[in-house]
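Working notes for the structure below.
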Amino acid sequence: MKKDNLKSQYRINEQIRARDVRVVADNMETTVMSTRDALRLAEQQGVDLVEISPNAVPPVCRLIDYSKFIYQQRKKQKEIKAKQTKIEIKEIRFGPQTDDHDYNFKLKHAQGFLSEGDKVKAYVFFRGRSILFKEQGEVLLLRFAQDLEEYGKVESMPVLEGKRMTMFIAPKKTAPKAKAASSDADDDDEAPTPAPVKKQPQQKARKEYTGPKVEGEDF
């Protein structure tokens with residue numbers, strides 16, 4: 001029988017060891033009370049006392065039906081798991097002299113993998129004396145990357161390790177084209193904003209000197 005790890009995470013009712021607890025519920029304000037009073041309150045409301053934060057001082061407990069509480073926790077876990085993107089690495093193997101039919105077949109598979117958000121590990125395996133054609137294998141991998149340009153981007157260039165030459169291609173995150181087109185259209189419609197004209201600082205009019213003139217000075 002599979003053990004329910006979620007249920008083992010929480011103490012309920014008489015399993016709660018603390019003398020006092022902070023009680024939270026939908027129909028009352030948060031309050032601190034003795035565990036005995038909290039259990040009595042839970043019994044009166046026909047629900048359970050569930051310890052949701054044991055490390056708090058005092059521990060936090062919730063008045064709720066335990067089955068409903070576990071259901072809510074499982075639902076949250078599923079939502080979190082659904083939001084997490086799991087990237088797998090799919091392998092595509094070539095020989096140094098792969099023919100066009102086999103190449104196109106594997107290219108189609110790689111396009112599907114990248115479209116689904118998976119990485120592609122493409123490699124050429126050199127058997128025996130075929131290692132002499134390592135340049136041919138590199139050309140094949142680079143051609144493969146170029147044909148997948150719309151679907152992914154090269155994460156690492158071809159590297160020869162032992163009898164394998166390997167290259168990684170990651171899925172490409174494409175920006176919505178409609179938004180870009182709309183932005184371009186808006187730029188075309190808007191008239192260019194004229195540059196602000198700087199105002200020249202006003203010079204104060206020179207006051208005429210009316211006092212007595214000193215010889216040798218020009219006013």
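In this chain, residues are counted from 1 in sequence order. Values below: every heavy atom of this structure, side chains too, minus hydrogens, waters and symmetry copies.
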Looking at [X] versus [Y], is the centre-to-centre ring distance below 6.0 Å?
| X | Y | result |
| --- | --- | --- |
| F105 | H109 | yes |
| F94 | F144 | yes |
| Y151 | F113 | no |

Exercise for the section: Look at R62 together with D26 and state whether they make a salt bridge at an N to O cut-off of under 4.0 Å. Expected result: yes
Practice task
Please determine if R143 forms a cation-pi arrangement with Y103, meaning its NZ or CZ atom is less than 6.0 Å from the six-membered ring centre and no more than 45° off the ring axis.
Solution key: yes
Problem - Test item: V23 and M33 side chains (from C-beta on) under 4.5 Å apart, heavy atoms - result: yes
Practice task
Please examine the side chains of L41 and M28, heavy atoms only from C-beta on, and report whether any two atoms are closer than 4.5 Å.
Solution key: yes
Handout entry: Greater than 12 external heavy atoms within 6.0 Å of E43's CD
Key = no
Exercise for the section: Check the surroundings of atom CD in E149: do more than 12 heavy atoms from other residues, nucleotides or ligands lie under 6.0 Å from it? Expected result: no
Interatomic distance, [X] atom [atom1] to [Y] atom [atom2] [nearest 0.5 angstrom]:
| X | Y | atom1 | atom2 | answer |
| --- | --- | --- | --- | --- |
| N104 | D147 | CG | CG | 8.0 Å |
| I70 | I12 | CD1 | CD1 | 8.5 Å |
| C61 | D48 | SG | CG | 11.5 Å |

Is a donor on one side and an acceptor on the other found under 3.5 Å between the side chain of [X] and the backbone of [Y]?
| X | Y | value |
| --- | --- | --- |
| T166 | Y123 | no |
| S156 | M167 | no |
| D65 | S67 | yes |
| Q136 | P96 | yes |
| K106 | R93 | yes |
| D118 | E88 | yes |

Exercise for the section: Please name the residue in the list R11, Q15, R17 that meets the side-chain hydrogen bond (donor to acceptor under 3.5 Å, both in side chains) test with E51. Expected result: R11
Handout entry: F125 with M165, same ILVMFWY side-chain cluster at under 4.5 Å
Key = no
